[in-house]
Participant: 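This structure is in structure tokens; I'll ask about it shortly.
Values in this document were obtained by computation on a predicted structure and should not be read as measured data. Letters go in sequence order (proteins before strands), and every chain restarts at 1.
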Number of protein chains: 4
Amino acid sequence: MVGEEPRAMRRRPTQDRSRATVERILDAGRSVLLERGFEGASTNRIAAAAGVGPGSLYQYFPDKEAILDRVVERAVDDLEARITRAFLGSLRAGDDAVRGHLEALLDALVAEADLVRVLSQDRPRTVGRRRVGFARRIDALVAGALLAEHPDAGDVPVDAVAWMLVRTVEHVTISWVLEAPDVGREAMLDELTALVGGYLRRRWG
Amino acid sequence: MVGEEPRAMRRRPTQDRSRATVERILDAGRSVLLERGFEGASTNRIAAAAGVGPGSLYQYFPDKEAILDRVVERAVDDLEARITRAFLGSLRAGDDAVRGHLEALLDALVAEADLVRVLSQDRPRTVGRRRVGFARRIDALVAGALLAEHPDAGDVPVDAVAWMLVRTVEHVTISWVLEAPDVGREAMLDELTALVGGYLRRRWG
Amino acid sequence: MVGEEPRAMRRRPTQDRSRATVERILDAGRSVLLERGFEGASTNRIAAAAGVGPGSLYQYFPDKEAILDRVVERAVDDLEARITRAFLGSLRAGDDAVRGHLEALLDALVAEADLVRVLSQDRPRTVGRRRVGFARRIDALVAGALLAEHPDAGDVPVDAVAWMLVRTVEHVTISWVLEAPDVGREAMLDELTALVGGYLRRRWG
Amino acid sequence: MVGEEPRAMRRRPTQDRSRATVERILDAGRSVLLERGFEGASTNRIAAAAGVGPGSLYQYFPDKEAILDRVVERAVDDLEARITRAFLGSLRAGDDAVRGHLEALLDALVAEADLVRVLSQDRPRTVGRRRVGFARRIDALVAGALLAEHPDAGDVPVDAVAWMLVRTVEHVTISWVLEAPDVGREAMLDELTALVGGYLRRRWG
DNA sequence: CATGAATGAGACTTCATTCAT
DNA sequence: TATGAATGAAGTCTCATTCAT
């Protein structure tokens, strides 16, 4: 393979032991991140949690940022997988279907509330890009589902609709998980269903 | 008793020079925050930017956190004032009115894009509270406007509707400012208008 | 009067207000010293407790050391006065008399336990001299009393006896106040009486 | 769990280089302490004297206090060893034996006069405990010796006698070393011998 | 490959002291 | 005289990173 990236990884782990070490480092990074946030995620702490010397981190990563980048990337991938699974079977229209999808999404977020909290609150400048990347992949997913549902898009700007829906649902659900507001789970789902359903009907109804 | 130490502010600035110094510190804090983010907002840097010695910060603030808290508080208040002005004249119903309000909100956010970026991306654990407080004040504002518009709420859960609307509009507009996505300004406003209008109509139509 | 000491006091307080200010500063110094120890006795804190600006301290004292020196000097004088009073009526011989004196001394120390504790434990290098001065004055007092009691000293080295007695009684009583050991007050007084009485009898008996 | 932090010592020095560094730090701590007292014993100064970076101190000690604690502990142990050696062969009664013991003790203190001076004069609040602990160990030693000498204690309160003797001898000898008073060495030893001998005779004679 | 001791810049904070008002 | 705002050196401690072993 060509195109090695010297900044992203000093040594491509070809041997099994190496791969295992990288794994331990990333797992440790995730633990530390969840327990102490970005501020508390020091290299020494990650190394200690991984059971390796601080020097070993630099065998596999050029600097601290690269470690956390990779940790966040993985965490976001996990979350994305969970969320994607929640939407398996296509995005059907109709309020009942919409509500079902939203429930599944909410469950996925609640199951990873700690992670969601860390990613939403702490993230330093350098790690920010990941989240947008994540949302964009979901955008594409949703746009595809909308097109599958309504093959004749007419003059509806499908990409814009998908973008809007994803931002809306993402933030409303995350806010609900983080804020624990006075709005109950069912009430929130009712309203969000109405919001999304109303929008879709307006666009395609 | 000897040596009492107030927590919020060491010395209430009664004299003119004091007030000016506090002002310079907070302005410097805002500059540094916008230019280098929370990570780069060190006390030494803020002091240097304010043209005062590092010790002077502690004449007026008990610690770094208090400085940044106050900087963020002011910035959020600014933003809130802008946004509130954008909604002067009540929240009228109807797509045209909705769209007008959204445009005004968007303009307010665009005018402070850097600030919005820092507040959305960087904020360390300790400074977090302000944002939720901010959103909650807007919640109340919007709930009031909705009730004024529709005195007979029927069985519509006005608080939940307001909460939902605020989260939705906040995040969609902020995301648009931060992500600069492929969705144009007009398209975004069209869609957001449709989203909000459809929701309101569904609830009260 | 000649022989002014420029280091000890910048301005001899001739006016009443000045004297009152010095008084307030020294009182405040004593309070702060008792409440926070030498480590916590900062100029700012003393000034605040005295109700004057930090700059005013330097109208009357050349530096912090001079303030604490004077505070300690006064405190030691107080203590010395108490102790001297405890010995009024001459130092009589005989166990009963000895024990009576010791009780009086112990009461004086107990009454100022906080002060004794601070002076015994914290004192920075620069303030140390005072204590020796204090003890030396007591030495002379005791030597005088011994001579009055036994005019024919013979070849007894009265000064050495006084020196020894003062060190012994001082430290035993102070240790008892500070350590709160398992030895009760009466037992301690019994033993100290035996110690001192035995010594005196051996020297003059 | 992630990131445990032992309090007493961050890293147990298993390797030789580590042990050597700890040794250098403690030696440097002792030097700085003797030369500049507790006030001047800053971490930077200790690190410089040890020829290590300031950060290295914190590889082995959790904070400054722990360093000085250990330095004092070692110094006190040294002193205790010297003193204990001075009393080898049991504490015999009789003026000659008493005087012999006292001479040995005095020599031990004179040999470490600088250390005695620092420990007696400077010690900040936080490092204080050691000294009392030290004295208490000597108490037990002396009480044991007294009992061995006089198996039939009768109604003599041996613990109180030991406590009194230790405080007396400790302070008289230390005062003599520190004050360098007009009392000569031989005179002081004579008087202290008389004091202790008279006391013992009175109690058991 | 791995270690972990060592580094040293830089973080936050305190405080004795000065000086314009 | 008195003030108190301002100073800035110095203090304690952290942490990303390096390098001899």
Side-chain angles (χ1 to χ4, degrees), chain A residues 10-11 13 15 17-18 21 39-48 51-65 67, chain B residues 10-11 13-22 39-47 50-65 67, chain C residues 11 13 15 17-18 21 39-48 51-65 67, chain D residues 10-11 13-22 39-47 51-65 67:
Chain A
R10 283 209 174 156
R11 177 175 280 279
Q15 308 193 351
R17 185 152 65 110
S18 292
T21 302
E39 285 203 62
S42 73
T43 52
N44 285 341
R45 249 178 322 228
I46 293 173
V52 303
S56 297
L57 301 184
Y58 294 85
Q59 295 281 343
Y60 302 104
F61 300 92
D63 54 22
K64 182 195 176 188
E65 185 190 333
I67 301 173
Chain B
R10 290 219 166 153
R11 195 179 284 276
T14 50
Q15 305 199 348
D16 279 358
R17 187 153 64 118
S18 290
R19 215 189 311 278
T21 302
V22 170
E39 285 203 69
S42 74
T43 51
N44 284 343
R45 222 127 47 188
I46 293 173
V52 302
S56 296
L57 302 185
Y58 295 86
Q59 295 271 353
Y60 303 105
F61 300 93
D63 53 22
K64 182 193 175 188
E65 186 189 334
I67 301 173
Chain C
R11 175 174 281 278
Q15 307 193 352
R17 185 153 66 109
S18 292
T21 302
E39 286 203 60
S42 72
T43 52
N44 286 340
R45 264 201 283 251
I46 293 173
V52 303
S56 298
L57 301 185
Y58 294 85
Q59 297 280 343
Y60 302 104
F61 300 92
D63 54 22
K64 182 194 177 189
E65 185 189 334
I67 301 172
Chain D
R10 289 218 166 154
R11 193 180 284 278
T14 52
Q15 305 199 347
D16 280 359
R17 188 155 62 120
S18 289
R19 214 189 313 278
T21 302
V22 170
E39 284 204 69
S42 74
T43 52
N44 284 343
R45 218 118 61 179
I46 293 173
V52 302
S56 296
L57 303 186
Y58 296 86
Q59 295 271 355
Y60 303 104
F61 300 93
D63 53 23
K64 181 193 174 187
E65 187 189 333
I67 301 173

Participant: I need the minimum non-hydrogen distance between Asp63(B) and Tyr58(B), along with the two atoms involved.
Facilitator: CA-CE2, 3.8 Å
Participant: Whole angstroms only, please: what is the CD1-C1' distance between Ile67(B) and dA11(E)?
Facilitator: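 Taking atom C1' of dA11(E) as the reference, CD1 of Ile67(B) is at 13 Å.
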Participant: To the nearest 0.5 angstrom, please state how far the CD1 atom of Ile46(D) sits from the CG atom of Leu57(D).
Facilitator: 7.0 Å
Participant: For dT14(E), take OP1 and OP2 only and decide whether either is under 4.0 Å from a side-chain N or O of Tyr58(B).
Facilitator: no
Participant: Does Tyr60(C) have a side-chain nitrogen or oxygen under 4.0 Å from the phosphate oxygens OP1 or OP2 of dA2(F)?
Facilitator: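 It does, given that an N or O in the side chain of Tyr60(C) lies less than 4.0 Å from OP1 or OP2 of dA2(F).
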Participant: Quick one: does Arg19(B)'s side chain get under 4.5 Å of Val22(B)'s, heavy atoms only?
Facilitator: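 Arg19(B) vs Val22(B): side chains apart.
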Participant: For nucleotides 7-11 of chain F, list the nitrogen or oxygen atoms of the protein found under 3.5 Å from its nitrogen or oxygen atoms, one pair per line.
Facilitator:
unit_1	atom_1	unit_2	atom_2	d
dT7(F)	OP2	Gly53(B)	N	2.7
dT7(F)	OP2	Ser56(B)	OG	2.8

Participant: Rounded to the nearest angstrom, tell me the gap between atom CD1 in Ile46(A) and atom C1' in dT17(F).
Facilitator: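 Atom-to-atom, Ile46(A) to dT17(F), this comes out as 14 Å.
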Participant: Roughly, in whole Å, what's the span from CZ in Phe61(A) to C1' in dT17(F)?
Facilitator: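 Going from Phe61(A) (CZ) to dT17(F) (C1'), I get 16 Å.
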Participant: Determine which bases of DNA chain F form Watson-Crick or G-U wobble pairs with both distances under 3.5 Å, and write the result as a 5' to 3' dot-bracket string with | for other-strand partners.
Facilitator: .||||||||||||||||||||
Participant: Could I get the full list of side-chain contact (heavy atoms from CB on, under 4.5 Å) partners for Ser56(D), not counting sequence neighbours?
Facilitator: Val52(D)
Participant: At less than 4.0 Å, is any side-chain N or O atom of Ser18(B) found next to OP1 or OP2 of dG4(F)? Yes or no.
Facilitator: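 Ser18(B) to dG4(F) OP1/OP2: no side-chain N or O under 4.0 Å.
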Participant: On DNA chain E, compare the nucleotides closest to Arg17(B) and Ala41(B); which residue's is nearer the 5' end?
Facilitator: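 Its nucleotide being nearer the 5' end, the pick is Ala41(B).
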Participant: Considering non-hydrogen atoms only, spot the tightest contact between Ala47(B) and Pro54(B) and give its length.
Facilitator: CB-CA, 3.8 Å
Participant: Expressed as a whole number of angstroms, how long is the span from Asp63(A):CG to dT17(F):C1'?
Facilitator: 10 Å
